[in-house]
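Indexing begins at 1, ligand by ligand and atom by atom, following the structure's order. None of these values were measured; they are calculated from a predicted model.
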Amino acid sequence: MAIAVLGMQWGDEGKGKVTHLLAKDAKMVVRFNGGPNAGHTVIDRGVKFGTHQIPAGAFYPGVTSVLASGMVIDLSVLREEYGKIVEHLGRKPELLIAENAHLIMPYHRLLEDLEGSGKAIGTTRRGIGPAYRDRAARIGIRAIDLLNRSRLEARLSARLNLLQRAWPQAEAIMKLSASGLADDLLTSAQQFLPSIGDAPAAIEQTMARGEGVLFEGAQGALLDVDYGTYPYVTSSATVYAGLAHAVGIGDLHVERRLGVTKAYTTRVGGGPFPTELIGKEGEWLQTAGSEYGVTTGRPRRCGWLDLVALHHATRLNAPTGLAITKLDILTGIEEIKVCRAYSLRGREITAFPTSTEDLALCEPIYESVVGWDDDISDLRKYADLPSAARAYLNVISSELGVLIAIVSVGPSPEETIITGFDRAK
Ligand code: GDP
Ligand code: IMO
Ligand code: MG
């Protein structure tokens, strides 16, 4: 069985928790997009991790963790992250790094700051945009280049030549040298060199044997470079529609696709957010939900659930089931609101606007749902949830036409209700 775990909002939906929960039954867990902009919280035997590039499979023996070619990989971050996991586990998890995955170079981070282009977007400043830009411009450095020092240095020289002509006044850029960069890269990469290989073939063979393969999405549908709230997006495809390309398998069929969404909405960084709650209510959600970024520590903007945006995400991710997280955070709210439509220039619309300027003008049209008071974090059966909580979940499920597969009622793996309703089970 192949399963994909996909974000339905602006990231941070709880993909890390869900992937970690499912990874114990997998043979392979594959991260397929983004890089260290992601921060996935995993609680492994009581220890909390913020993972950035290593998929959640690493926490289980016998599970291979694949970093697929749709990713951009920062080797120094990888080394640090891997070291922490090795220390926690007392063993070295098996990694497979796609040969054609691109690498984030020190100058990508420098460029993001020098250009200031990420400021309005509020990027994570991890060099994501410049690294994907180099990939598209055909001047990137790939994992496979690490296997041949002279080829690596030749590519770095060509890239630095362009870079230093463009930034003669930037000291940090001018002092870079191809041999120095190659030294640093190879130092970080040394322990990973045997892990660089043919990831598409390995994924294909594991799937053909009928063994469990789990695809761990990063970010969320609304941050997709093409279909998100452009330009306030990340620089990769974040959705199921982009998965086959990101792993390099044309005939990819993932039977079970879990669309992960919080029971409300959050967003880090800039960009329109129609259901955002400014003021006390938003601050309340931020505190109750501990809504602070895993990668940057920035406070997350908070608001009510947006079904218009989730409809858009449903088309892109084609979920066979929903994983609704953080339902426990809504406990105690008397009247919960959900947005079913927007008002744009006096007209009611239910299609998610492509124009960011239009989206910024959209006023949410809310429907109220009665809340519940009882603590739900100890519940493990769907039927035991308060009827008001089930009614709320039912609004989401029936509106999107997708069954609810998982309800998460706390950050720990145990704090989970597996409903068994997923059509693809
Ligand atoms: P990801 O990027 O999608 O993996 O999500 P993050 O890890 O960035 O953010 C999700 C946050 O919510 C983390 O702090 C999780 O520990 C926490 N979390 C996940 N599910 C639940 C839940 O059901 N209830 C509560 N209270 N916290 C949760
Ligand atoms: P996970 O996987 C939330 C946001 C940034 C910024 C925009 C572009 O943990 O859900 P980038 O650094 O990618 O160029 O920034 O995307 N962003 C995320 N927001 N969760 C993430 O990852 C994110 N990765 C990027 O805040 O608005
Ligand atoms: Mg996150």
Side-chain angles (χ1 to χ4, degrees), residues 5-21 31-44 48-53 55-56 71-72 74 104 108-109 112 117-133 216-225 228-236 238 258-273 285 287-301 323-331 375-377 379 406-417:
V5 176
L6 305 150
M8 296 284 283
Q9 299 169 308
W10 280 290
D12 302 329
E13 297 89 348
K15 300 175 293 293
K17 170 180 166 166
V18 173
T19 312
H20 177 250
L21 192 70
R31 251 293 293 279
F32 61 90
N33 70 296
N37 49 351
H40 294 180
T41 310
V42 163
I43 300 181
D44 188 69
K48 188 168 160 177
F49 279 89
T51 62
H52 301 287
Q53 298 183 112
M71 285 186 75
V72 283
D74 187 322
I104 299 181
H108 290 137
R109 285 191 182 215
E112 204 166 356
S117 52
K119 263 207 186 121
I121 297 168
T123 69
T124 59
R125 297 171 63 199
R126 295 298 185 271
I128 302 293
Y132 277 114
R133 187 171 70 193
E216 177 175 350
Q219 291 83 48
L222 306 177
L223 288 173
D224 184 89
V225 63
T229 48
Y230 193 90
Y232 299 94
V233 292
T234 190
S235 300
S236 69
T238 62
L258 279 173
V260 188
T261 170
K262 275 179 192 166
Y264 49 97
T265 312
T266 62
R267 170 163 213 175
V268 218
F273 178 177
L285 263 179
T287 307
S290 312
E291 295 296 352
Y292 298 91
V294 177
T295 300
T296 58
R298 290 177 294 174
R300 296 174 183 149
R301 300 153 68 192
I324 313 271
T325 61
K326 300 197 123 169
L327 190 65
D328 53 304
I329 302 301
L330 297 185
T331 299
D375 184 3
I376 60 170
S377 49
L379 303 181
I406 290 175
V407 182
S408 177
V409 291
S412 299
E414 320 64 82
E415 292 171 310
T416 310
I417 297 171

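Among all protein heavy atoms, the one lying closest to atom 15 (C) of ligand 1 is T41 CB, 3.9 Å. In terms of protein heavy-atom proximity, atom 20 (N) of ligand 2 is nearest to D12 OD1, 3.1 Å. Nearest to atom 13 (O) of ligand 2 among the protein's heavy atoms is T234 OG1, 2.6 Å. In terms of protein heavy-atom proximity, atom 2 (O) of ligand 1 is closest to G39 O, 2.9 Å. Ranking protein heavy atoms by distance to atom 23 (C) of ligand 2, first place goes to Q219 CG, 3.6 Å. Scanning the protein heavy atoms around atom 15 (O) of ligand 2, the nearest turns out to be T123 CA, 3.3 Å. In terms of protein heavy atoms, atom 20 (N) of ligand 1 is closest to S408 OG, 3.5 Å. The single protein non-hydrogen atom nearest to atom 24 (N) of ligand 1 is D328 OD1, 2.8 Å, given as residue, atom name and distance. Of all protein heavy atoms, the one closest to atom 4 (O) of ligand 1 is G16 N, 2.8 Å. Protein heavy atom nearest atom 5 (C) of ligand 2, with residue, atom name and distance: G122 O, 3.6 Å.
Every atom of ligand 2 is numbered from 1 in the order shown, and the set under 4.0 Å from a heavy atom of A38 is 1 (P), 2 (O), 9 (O), 22 (O). Remark: ligand 2 atoms within the under-4.0 Å shell around heavy atoms of H40 are 1 (P), 2 (O), 9 (O). Applying the 4.0 Å criterion to heavy atoms of I329 picks out, from ligand 1, the atoms 26 (N). Atom numbering of ligand 2 starts at 1 in the shown order; those under 4.0 Å from a heavy atom of A218 are 2 (O). Close contacts of ligand 2 with V233, meaning ligand atoms under 4.0 Å from a residue heavy atom, involve 7 (C), 8 (C). Distances below 4.0 Å separate heavy atoms of V268 from the following atoms of ligand 2: 3 (C), 19 (N), 26 (O), 27 (O).
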Determine whether T416 and V407 satisfy the following criterion, side-chain contact (heavy atoms from CB on, under 4.5 Å), listing intermediate values before the conclusion. CA-CA 6 Å; T416 310; V407 182; over 6 Å; no

Stepwise, does the side-chain contact (heavy atoms from CB on, under 4.5 Å) test hold for T124 with V268? CA-CA 9 Å; T124 59; V268 218; over 6 Å; no

Verify salt bridge (charged side-chain N to carboxylate O under 4.0 Å, His left out) between D74 and R109, making sure each step is shown before the conclusion. CA-CA 10 Å; D74 187 322; R109 285 191 182 215; 3.5 Å; yes

Determine, stepwise, if the pair T123 / E112 fulfils side chain to side chain donor-acceptor pair (under 3.5 Å). CA-CA 9 Å; T123 69; E112 204 166 356; 2.5 Å; yes

Test side-chain contact (heavy atoms from CB on, under 4.5 Å) applied to T295 and N37, step by step: CA-CA 7 Å; T295 300; N37 49 351; 5.8 Å; no

Please test M71 against N33 for side-chain contact (heavy atoms from CB on, under 4.5 Å), starting from the C-alpha separation and ending with a verdict. CA-CA 4 Å; M71 285 186 75; N33 70 296; 5.7 Å; no

Let's go through S377 and E415 carefully: what are the C-alpha distance in whole Å and the side-chain angles of both, what is the deciding distance for side chain to side chain donor-acceptor pair (under 3.5 Å) to 0.1 Å, and is it a yes or a no? CA-CA 6 Å; S377 49; E415 292 171 310; 4.8 Å; no

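Backbone and side-chain nitrogen or oxygen atoms of K262 are examined, and none is located within less than 3.5 angstrom of a nitrogen or oxygen of ligand 1. Here's the thing with T124: one of its N/O atoms is less than 3.5 angstrom from an N/O atom of ligand 2. Of the polar atoms of E112, none of the N or O atoms is found under 3.5 Å from an N or O of ligand 2, judged by distance alone. Of the polar atoms of I43, none of the N or O atoms is found under 3.5 Å from an N or O of ligand 1, judged by distance alone.
Atom OH in Y132 sits 12.0 Å away from atom NE2 in H108 (nearest 0.5 Å). Between atom CD of residue E13 and atom OG of residue S408 there is a gap of 12.5 Å, rounded to the nearest 0.5 Å. To the nearest 0.5 angstrom, I121 atom CD1 is 9.0 Å from T234 atom OG1.
Using modelled atom types and a 3.5 Å distance limit, the side chains of T229 and R267 yield a donor-acceptor pair.
For atom 18 (N) of ligand 1, the choice among K326, E216, K17 with the nearest heavy atom turns out to be K326. Here the shortest heavy-atom distance to atom 17 (N) of ligand 2, taken over L223, N37, I121, N33, belongs to L223.
Under the 4.0 angstrom criterion for non-hydrogen atoms, R300 is in contact with ligand 1. Ligand 2 lies within reach of G39, whose nearest heavy atom is under 4.0 Å from it. Proximity of G11 to ligand 1 is not established, as no heavy-atom distance is less than 4.0 Å.
Among the backbone and side-chain atoms of G39, an N, O or S atom lies under 2.8 Å from the Mg ion (ligand 3).
The Mg ion (ligand 3) lies closest to atom OD1 when only the N/O/S atoms of D12 are considered.
With contacts defined as side-chain heavy-atom distances shorter than 4.5 Å, the pair E291/K262 qualifies. Looking at heavy atoms from C-beta onward, K326 lies in side-chain contact with Y264 at the 4.5 angstrom threshold. Looking only at side-chain heavy atoms (C-beta outward), D12 and R300 come within less than 4.5 Å of each other.
At a 4.0 Å heavy-atom cut-off, ligand 2 touches R298 through the side chain alone. Heavy atoms of W10 found under 4.0 angstrom from ligand 2 belong exclusively to the backbone. Both the backbone and the side chain of D12 come within 4.0 Å of ligand 1, counting heavy atoms alone. At a heavy-atom cutoff of 4.0 Å, ligand 2 is contacted by no atom of T295, backbone or side chain. Counting heavy atoms under 4.0 Å from ligand 2, residue K15 touches it through the side chain alone.
Here the two rings, on W10 and Y232, have centers that are 6.0 Å apart or farther.
The environment of CZ in R125 is sparse: at most 12 heavy-atom neighbours from other residues, nucleotides or ligands sit within 6.0 Å. Counting heavy atoms of neighbouring residues, nucleotides and ligands inside a 6.0 Å radius, atom OH of Y230 does not exceed 12 of them.
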